[in-house]
Amino acid sequence: MSSLKAQTQAKVDAGRKNNPAFMEGVDKEIEKARTFQQGEKALDLGGAAPDFTLPSATGGSFKLSEALNEGAVVLTFYRGSWCPYCNLQLNALQKINDEIKALGAQLVAISPESPDSSLSAEQIKQLPFTVLSDQGAKVAASYGVAWEVPEFLLEHMRNDRQLDLEAINNGNSNILPIPATFVLNKGGEVIWRYVDVDYRSRSEPNDILEALQKS
């Protein structure tokens with residue numbers, strides 16, 4: 001089975017072949033973001049994870065501090081179910097969810113999508129982990145991973161992808177999380193993290209498992 005990095009790179013390569021102008025534009029925007037050090041304020045190793053309560057896709061609510069009472073938590077911020085790179089990542093994480101549980105931890109995925117638009121009813125039934133709605137990306141901001149998306153990318157989403165982010169996110173149309181994953185120990189301390197403003201780059205599931213094994 002190919003790694004998540006290999007899968008996402010294959011999608012990037014296909015994009016470069018099918019739409020080179022767009023991918024070149026993405027590269028330029030990502031480089032601008034790096035120049036302005038987007039993501040530099042992300043919660044760092046050893047930092048205390050801010051507590052939060054968010055609605056889940058199943059209609060309930062999730063409070064981080066209560067979850068930490070039960071064990072370690074893997075938090076992953078993703079852009080939305082409309083993002084193909086996010087779907088690759090969530091699929092890869094789903095495959096290691098049993099191993100995460102065996103290590104005494106739970107996986108939690110967070111996006112700005114409103115609860116009723118993040119997943120279909122059938123997908124909700126099959127969920128092996130918790131999916132939360134962070135409308136307005138306020139929790140993402142508290143973790144230092146909220147990003148104001150450049151107009152170049154927003155225009156692509158509106159015109160080429162026919163995405164109405166304002167409707168999908170119930171009002172928020174231009175703030176998305178930097179794809180990021182934090183592993184928190186039972187004390188709420190960040191013991192591992194992966195943050196990259198390039199939404200085409202994601203953490204490897206095996207790295208998450210290794211972090212949990214060392215905790």
Side-chain angles (χ1 to χ4, degrees), residues 4 7-8 11 26 33 38-39 42-43 49-64 67 73-97 100 106-150 153-154 156-158 161-184 193-203 205 208:
L4 180 55
Q7 294 176 60
T8 53
K11 188 168 285 294
V26 172
Q38 291 285 349
L43 195 60
D51 195 15
F52 62 82
T53 301
L54 288 175
S56 73
T58 56
S61 65
F62 173 95
K63 186 174 179 63
L64 178 62
V73 172
V74 178
L75 288 182
T76 188
F77 291 88
Y78 69 104
R79 303 198 301 163
S81 60
W82 48 267
C83 170
Y85 298 95
C86 297
N87 289 331
L88 281 175
Q89 179 190 24
L90 293 179
N91 183 58
L93 290 174
Q94 182 171 332
K95 292 176 180 177
I96 66 164
N97 190 55
I100 290 175
Q106 63 174 302
L107 172 63
V108 179
I110 305 173
S111 85
E113 289 185 274
S114 59
D116 57 357
S117 66
S118 59
L119 296 164
S120 68
E122 186 60 31
Q123 287 173 317
I124 289 173
K125 289 180 184 177
Q126 299 174 358
L127 278 180
F129 54 84
T130 302
V131 174
L132 303 177
S133 173
D134 177 26
Q135 294 179 61
K138 294 178 181 178
V139 173
S142 73
Y143 280 70
V145 296
W147 183 40
E148 184 172 356
V149 182
L153 292 176
L154 291 174
H156 169 73
M157 293 175 194
R158 287 192 299 263
R161 294 287 311 279
Q162 298 295 303
L163 289 171
D164 185 350
L165 286 185
E166 186 170 355
I168 292 171
N169 296 342
N170 194 26
N172 166 31
S173 62
N174 66 335
I175 304 295
L176 293 174
I178 295 171
T181 299
F182 298 90
V183 176
L184 314 177
R193 71 167 204 170
Y194 182 94
V195 180
D196 195 329
V197 72
D198 188 344
Y199 64 86
R200 301 165 298 184
S201 176
R202 305 301 170 102
S203 58
I208 296 171

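Here the closest non-hydrogen pair linking Leu153 and Trp147 is CD1-CH2, 4.0 Å. Taking all atoms of both residues into account, the shortest heavy-atom contact from Leu88 to Lys11 is CD1-CE, 3.8 Å. Looking at every heavy atom in both residues, Ala137 comes nearest to Ala146 through O-CB, 4.0 Å. Pairing each heavy atom of Gly80 with each of Cys86, the nearest pair is O-CB, 3.6 Å.
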**OP:** Apply side-chain contact (heavy atoms from CB on, under 4.5 Å) to the pair Phe182 and Val195, showing each step before the final yes or no.
**Re:** CA-CA 9 Å; Phe182 298 90; Val195 180; 4.2 Å; yes

**OP:** Could you walk me through whether Leu176 and Asn169 pass side-chain contact (heavy atoms from CB on, under 4.5 Å), step by step?
**Re:** CA-CA 10 Å; Leu176 293 174; Asn169 296 342; 3.9 Å; yes

Subject >> Trace of the side-chain contact (heavy atoms from CB on, under 4.5 Å) decision for Ile208 with Leu93 >> reply: CA-CA 9 Å; Ile208 296 171; Leu93 290 174; 3.7 Å; yes

**OP:** Show the numbers, then the answer: is there a side-chain contact (heavy atoms from CB on, under 4.5 Å) between Arg193 and Ser203?
**Re:** CA-CA 9 Å; Arg193 71 167 204 170; Ser203 58; over 6 Å; no

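In this view, Ala49 and Leu43, Leu64, Tyr143, Leu184 satisfy the side-chain contact (heavy atoms from CB on, under 4.5 Å) rule, not counting sequence neighbours. Scored by the ring pair (Phe, Tyr, Trp, His ring centres under 6.0 Å) test, Tyr85 finds Tyr199 as partners (sequence neighbours excluded). Residues that satisfy the side chain to side chain donor-acceptor pair (under 3.5 Å) test with Asn97, not counting sequence neighbours, are absent from this structure. In terms of the side chain to side chain donor-acceptor pair (under 3.5 Å) criterion, Thr130 has no residue partners (sequence neighbours excluded). Applying the side chain to side chain donor-acceptor pair (under 3.5 Å) test to Arg79 and every residue at least two apart in sequence or in another chain returns nothing. By the salt bridge (charged side-chain N to carboxylate O under 4.0 Å, His left out) test, Lys63 pairs with Asp51, sequence neighbours left out. Every residue two or more places apart in sequence or in another chain that forms a side-chain contact (heavy atoms from CB on, under 4.5 Å) with Ala67 is listed here: Phe62, Val73, Gln106. Evaluation of the side-chain contact (heavy atoms from CB on, under 4.5 Å) rule for Ser133 yields Pro55, Pro115, Gln135 as partners, not counting sequence neighbours. Partners of Asn87 under the side-chain contact (heavy atoms from CB on, under 4.5 Å) rule, at least two apart in sequence or in another chain, do not exist in this structure.
For the atom pair Thr181 OG1 and Gln89 CD, the distance stands at 5.0 Å (nearest 0.5 Å). Rounded to the nearest 0.5 Å, atoms CD1 (Ile100) and CD (Gln94) are 11.0 Å apart. The structure places CG of Leu4 at 10.0 Å from CG of Leu90, a figure rounded to the nearest 0.5 Å. To the nearest 0.5 Å, atom OH of residue Tyr78 and atom CZ of residue Arg202 are 11.0 Å apart.
A side-chain donor-acceptor contact under 3.5 Å links Glu113 to the backbone of Ser81. Formation of a donor-acceptor pair under 3.5 Å by the Asp134 side chain with backbone atoms of Val139 is found in this model.
The closest side-chain heavy-atom distance from Pro112 to Pro177 is below 4.5 Å. Within the 4.5 Å cutoff, the side chain of Leu75 has heavy atoms near those of the Phe52 side chain.
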